Amino acid sequence: MKVKFTKMQGAGNDYIYVNTFLYPLEEPERLSQEWSRPHTGIGSDGLVLIGPSEEGDFSMRIFNADGSEAMMCGNASRCIGKYVYENGLTQKTRVALETRSGIKILNLRVNDERVVESVTVDMGIPTGITPVDLGEGYGYSQGIAVSMGNPHLVIFVDQVNDVRLSEVGPLLEHHPLFPDRVNVEFAQVIDGSHIRMRVWERGSGITLACGTGACATAVAAAFTGRCGRESDVTMDGGTLHLQWNESDGHLLMGGPAGKVFDGEIEYEPSK
């Protein structure tokens with residue numbers, strides 16, 4: 001059979017989106033590996049499944065390019081907001097999305113042509129904000145651990161472009177402090193409200209952007225006094241705006257979401 005999909009990107013973080021109301025897929029772990037390959041597949045950072053939810057309006061399951069299932073993805077959440085609205089699955093501009101790290105609220109900004117121009121996601125309350133000693137053999141001795149429903153390690157550097165991300169990223173992803181592996185962000189503070197960041201995502205490697213990584217970076221910068229509670233985080237694929245509310249502790253993430261193209265691909269369930 002053929003499965004219709006949409007390739008979408010948020011700040012350059014690109015995934016394959018499938019509506020499982022129409023196409024219930026078996027073995028998404030295998031499909032994510034096969035379809036994410038750039039030369040023999042579609043090419044992406046992973047596979048996102050949009051489905052029903054008993055707790056929210058929709059559910060999201062997200063699989064990295066290596067087939068591992070992720071807890072949460074901020075960029076994918078924004079893209080789902082655009083997808084479900086523009087494809088007529090909802091008329092709501094406030095959407096409750098069920099993820100493996102809980103319900104996330106998507107607030108859609110829609111223009112007069114009924115096009116979703118941007119999405120702001122309530123990412124919840126960051127937890128586990130802790131300075132960590134990385135020890136020897138990693139090239140960097142200190143970092144800040146942050147959980148955004150998935151684990152992050154933020155390391156502040158003077159020049160982020162000098163970081164050999166392809167070399168140090170895999171080492172830190174598998175650091176023994178993080179038995180389930182960790183997403184690694186290298187951050188350079190430009191000023192009190194602007195941060196430049198590069199990311200190594202667990203399960204995907206170097207990506208152009210990471211929404212939860214941008215959140216973790218903004219939180220770590222505010223926690224250490226490098227920035228205020230509102231900042232812009234610029235990644236290789238684009239910029240996200242973060243606001244860490246002092247009143248309730250919730251972190252709001254705003255930014256664009258775009259459709260790259262629609263397509264269809266052959267799908268054969270395993271026997």
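These figures come from a predicted structure and were not determined experimentally.
Judged by distance alone, the side chain of His241 and the main-chain N or O of Met253 form no donor-acceptor pair under 3.5 Å. Side-chain atoms of Ser68 do not come within 3.5 Å of backbone N or O of Asn64 as any donor-acceptor pair. Using a distance-only test at 3.5 Å, with no hydrogens or angles considered, no donor-acceptor pair links the side chain of Ser193 to the main chain of Ser231. The backbone N or O of Glu98 sits nowhere less than 3.5 Å from a side-chain atom of Ser59 that would complete a donor-acceptor pair. With Glu86 contributing its side chain and Val116 its backbone, the two residues share a donor-acceptor pair below 3.5 Å. In this structure, the side chain of Arg78 does not engage the main chain of Gly254 through any donor-acceptor pair within 3.5 Å. Remark: the backbone N or O of Cys73 is paired with a side-chain donor or acceptor of Ser77 at under 3.5 angstrom. Panel note: side chain Asn13, backbone Gln9; no donor-acceptor pair is recorded below 3.5 Å. In this structure a side-chain-to-backbone donor-acceptor pair under 3.5 Å is present from Asp191 to His194. Between the side chain of Asn245 and the backbone N or O of Ser247, no donor-acceptor pair lies under 3.5 Å.
In this structure, the side chains of Glu136 and Ser141 stay at 4.5 Å or more apart for every pair of heavy atoms. Residues Phe63 and Pro28 meet the side-chain proximity criterion, which asks for heavy atoms closer than 4.5 Å. Contact annotation: the side chain of Trp244 never approaches that of Met123 to less than 4.5 Å [non-hydrogen atoms, C-beta and beyond]. Counting heavy atoms from C-beta outward, Ser36 and Ser44 have side chains that approach closer than 4.5 Å. Within the 4.5 Å cutoff, the side chain of Leu242 has no heavy atoms near those of the Ile195 side chain. Side-chain contact between Val146 and Leu153: absent, with no pair of heavy atoms (C-beta onward) separated by less than 4.5 Å. For the pair Leu31/Val18, no side-chain contact is recorded, criterion being any heavy-atom separation below 4.5 Å from C-beta on. Put simply, the side chain of Val95 does not reach to within 4.5 Å of the side chain of Ile105, judged on heavy atoms.
Partners of Val189 by side chain to side chain contact (heavy atoms under 4.5 Å, CB included), not counting sequence neighbours, listed by chain and number: Phe156, Arg226, Cys227. Every residue two or more places apart in sequence or in another chain that forms a ring pair (Phe, Tyr, Trp, His ring centres under 6.0 Å) with Phe186 is listed here: Tyr140.
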Report task. In sequence, state the C-alpha distance, the side-chain angles, and the governing distance for Val160 and Asp162, and then conclude on side-chain contact (heavy atoms from CB on, under 4.5 Å). Result -> CA-CA 5 Å; Val160 72; Asp162 292 341; over 6 Å; no
Query raised in the report: How far apart are the C-alpha atoms of Asp133 and Gln142, what are their side-chain angles, what is the distance that settles it, and do they pass the side-chain contact (heavy atoms from CB on, under 4.5 Å) test?
Result: CA-CA 5 Å; Asp133 184 354; Gln142 301 290 325; 3.8 Å; yes
Requested in this report: Test side chain to side chain donor-acceptor pair (under 3.5 Å) on Thr120 and Asn107 and set out the steps.
Outcome: CA-CA 5 Å; Thr120 298; Asn107 289 291; over 6 Å; no
Requested in this report: Apply side-chain contact (heavy atoms from CB on, under 4.5 Å) to the pair Glu185 and His152, showing each step before the final yes or no.
Outcome: CA-CA 7 Å; Glu185 288 82 33; His152 292 269; 2.9 Å; yes
Report task. Test side-chain contact (heavy atoms from CB on, under 4.5 Å) on Asn19 and Leu89 and set out the steps. Result -> CA-CA 10 Å; Asn19 178 355; Leu89 301 183; 4.0 Å; yes
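Of the inter-residue distances, the one linking Asp45 atom CG with Ser32 atom OG reads 9.5 Å to the nearest 0.5 angstrom. Thr212 OG1 to Asn183 CG: the interatomic distance, rounded to the nearest 0.5 Å, is 5.5 Å.
With respect to Arg196 and Asp232, no salt bridge is recorded, no charged nitrogen being found less than 4.0 Å from a carboxylate O. Of the charged side-chain nitrogens involved, at least one lies within less than 4.0 Å of a carboxylate oxygen, so that Lys92 and Asp57 count as a salt-bridged pair. Under the 4.0 Å criterion applied to side-chain N and carboxylate O atoms, Arg61 and Glu69 are assigned as salt-bridge partners. Using a cutoff of 4.0 Å between basic side-chain nitrogens and carboxylate oxygens, Lys2 and Glu264 are scored as salt-bridged. Classification of Asp14 and Lys7 as a salt-bridged pair holds, one side-chain N sitting under 4.0 Å from a carboxylate O. Residues Glu173 and Arg202 are not paired through a salt bridge, judged by the lack of any N-O separation under 4.0 Å between the basic side chain and the carboxylate.
Between Phe261 and Phe5, the two ring planes are perpendicular [angle over 60°; tilted spans 30° to 60°].
By the 6.0 Å contact criterion, CZ on Arg94 is open, its count of non-hydrogen atoms from other residues, nucleotides or ligands being 12 or less. No more than 12 heavy atoms of other residues, nucleotides or ligands lie within 6.0 Å of CD in Gln91, so this atom counts as exposed by the packing criterion. Heavy atoms from other residues, nucleotides or ligands lying under 6.0 Å from CG of Asp158 number 12 at most.
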